There are 2 protein chains.
Amino acid sequence: MARKRFDDSNCSVARALNQVGDWWSLLIVLQSMYGTRRFVDFQQELGIAKNILCNRLTRLVENGVLKKVDVGEHGSRFEYRLTEKGRDLFPVVIALRQWGDKWNPAPDDEAPLDLRDRATGQPIPPVQVHNAIGEPLTVRDVFVPDTPPPGSKKDPA
Amino acid sequence: MARKRFDDSNCSVARALNQVGDWWSLLIVLQSMYGTRRFVDFQQELGIAKNILCNRLTRLVENGVLKKVDVGEHGSRFEYRLTEKGRDLFPVVIALRQWGDKWNPAPDDEAPLDLRDRATGQPIPPVQVHNAIGEPLTVRDVFVPDTPPPGSKKDPA
DNA sequence: CCAATTTGGTTTCTTTAAGCAACTCTATTT
DNA sequence: AAATAGAGTTGCTTAAAGAAACCAAATTGG
């Protein structure tokens, strides 16, 4: 695909997409959140080619999203588990899932993933952007305060 | 890239990624949220090839994420604006940005995008998944209540 | 008014990644 | 000892990404 790399982009979204912004990586993270840990299970549940899975797992490990754990007594049995960095993608994945459920509902009558709070059994409400006092915000409610150029010291122009 | 399509996947994350899950689409949406509307502006700000931009804009319009508005008096001047569906990606983009800022900080001393509430001027706190009563949740705090097969009516087994 | 430029593309070509299938190598099972 | 499973690797084919050139309508500018 001759991708452009965004490793050094000054946009953190671009840098984030560089790590988990391809179709498979985020789905692998999602599967990990569902509890999948083994190579073959990822392969079967995602229907991904083995070489691609291998590549993605390696990259995710390199990027610190997953860690590879040897669970065989003496090698050859591994698990891929989320790191804290990986688990921190939770809001992203959930927000994406909710967006998908809302705007691209399942073809048939599939339920839109009933995700629930383990403690209370209650469903999870939509992920929102909030302000400092907990009110929901939309795109229009935010602004970027005037991008100062990197080398500038608050010149009073 | 010979991608696999996920249009009819029963996973809404997969379906979402099908629409905005490539490197460019989400960046285009992000740029839109920053206010970019014109073809040339997208092209310059993203550094994307024109044919790819064209393709992505078309797909985003097809998918209802953007709408194409004729703003020339009689053609040849267009704007691409977010639809409600597109604006609804706000939490996704912000969550991704925050993840990027946290885990892949900018190479140099770039500031991590100071996004603020227009009303109060306060910075935006991290996007989190909450439960019904507003407490933050992690991956471990949620569960999927036992996937009932699509055609099943609450059998009391 | 005619030339240059801008905007929004399309076409062609090359590079690179995705997907598939077959193969390998070690461990475990039978 | 043979068969199977887990975790990859290799090679090939196809399709998409990227670059650059080209194009046509509309606008700008002298």
Side-chain angles (χ1 to χ4, degrees), chain A residues 1-9 14 17-29 31-32 35-63 66-81, chain B residues 1-9 14 17-29 31-32 35-63 66-81:
Chain A
M1 167 223 307
R3 270 206 58 210
K4 192 166 283 196
R5 299 340 306 286
F6 291 115
D7 310 84
D8 55 350
S9 170
L17 289 175
N18 210 32
Q19 302 200 353
V20 292
D22 61 308
W23 302 280
W24 288 122
S25 296
L26 207 59
L27 289 177
I28 290 172
V29 170
Q31 276 301 316
S32 294
T36 301
R37 293 210 234 261
R38 302 277 290 286
F39 189 91
V40 279
D41 295 333
F42 281 114
Q43 208 212 318
Q44 279 166 16
E45 304 201 51
L46 292 172
I48 182 176
K50 293 169 83 176
N51 52 350
I52 304 301
L53 176 58
C54 203
N55 177 293
R56 286 308 120 86
L57 288 173
T58 304
R59 282 186 42 208
L60 287 168
V61 169
E62 281 171 5
N63 288 331
L66 296 178
K67 57 175 178 285
K68 185 173 183 174
V69 182
D70 186 333
V71 294
E73 288 66 35
H74 34 302
S76 144
R77 219 39 76 103
F78 303 100
E79 285 188 359
Y80 294 88
R81 301 198 195 150
Chain B
M1 167 220 305
R3 270 204 59 208
K4 194 164 282 198
R5 297 344 301 289
F6 292 115
D7 310 83
D8 56 350
S9 169
L17 290 175
N18 211 32
Q19 302 200 353
V20 293
D22 61 307
W23 302 281
W24 288 123
S25 296
L26 207 60
L27 289 176
I28 289 172
V29 169
Q31 276 300 319
S32 293
T36 302
R37 294 212 235 261
R38 301 278 291 284
F39 188 93
V40 281
D41 295 332
F42 282 114
Q43 207 212 319
Q44 280 166 15
E45 304 199 52
L46 293 173
I48 182 177
K50 293 169 82 177
N51 51 352
I52 304 301
L53 176 57
C54 205
N55 177 291
R56 287 307 120 88
L57 288 173
T58 304
R59 279 187 43 206
L60 288 169
V61 169
E62 280 171 5
N63 288 330
L66 297 178
K67 56 177 178 281
K68 186 173 185 176
V69 182
D70 187 333
V71 294
E73 288 67 36
H74 34 303
S76 146
R77 223 29 84 98
F78 304 100
E79 284 188 1
Y80 295 88
R81 302 197 196 152

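These numbers come from the heavy atoms of this one structure, side chains and all, not from hydrogens, waters or symmetry mates. Letters A, B, ... mirror the listed sequences (proteins, then strands); counts begin at 1. No experiment lies behind these values; they were computed from the predicted model shown.
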Can you tabulate the close N/O pairs, meaning under 3.5 Å, that link protein atoms to atoms of nucleotides 3-7 of chain D?
| unit_1 | atom_1 | unit_2 | atom_2 | d |
| --- | --- | --- | --- | --- |
| dA7(D) | OP1 | R38(A) | NE | 3.4 |
| dA7(D) | OP1 | F78(A) | N | 3.0 |
| dA7(D) | OP1 | F78(A) | O | 3.0 |
| dA7(D) | OP2 | F39(A) | N | 3.3 |
| dA7(D) | OP2 | V40(A) | N | 3.4 |

Problem set entry | Under the side chain to side chain donor-acceptor pair (under 3.5 Å) test, residues paired with S25(A) that sit two or more places apart | D22(A)
Exercise. What residues, two or more places apart in sequence or in another chain, satisfy side chain to side chain donor-acceptor pair (under 3.5 Å) together with R81(A)?
Worked result: E79(A)
Starting from [atom2] on [N], measure out to [atom1] on [X] and report it in whole angstrom.
X: W24(A); N: dA17(C); atom1: CH2; atom2: P; value: 18 Å
X: I52(B); N: dA15(D); atom1: CD1; atom2: P; value: 16 Å
X: D70(B); N: dT7(C); atom1: CG; atom2: P; value: 15 Å
X: W23(B); N: dA16(D); atom1: CH2; atom2: P; value: 12 Å
X: N51(B); N: dA21(D); atom1: CG; atom2: P; value: 14 Å
X: I28(B); N: dG8(C); atom1: CD1; atom2: P; value: 14 Å
X: I48(B); N: dG8(C); atom1: CD1; atom2: P; value: 14 Å
X: L53(A); N: dA17(C); atom1: CG; atom2: C1'; value: 16 Å

Problem set entry | Residue pair L53(B) / F39(B): nearest heavy atoms and the distance that separates them | CD2-O, 3.4 Å
Problem set entry | Nearest-0.5 Å distance, CG of residue L26(A) to CD of residue Q19(A) | 12.0 Å
Problem set entry | Spacing of CZ belonging to R38(A) relative to CD belonging to Q31(A), to within rounding of 0.5 Å | 14.5 Å
Problem set entry | salt bridge (Lys or Arg N to Asp or Glu O under 4.0 Å) contacts in which one or both residues fall within residues 39-55 of chain A, not counting sequence neighbours | none
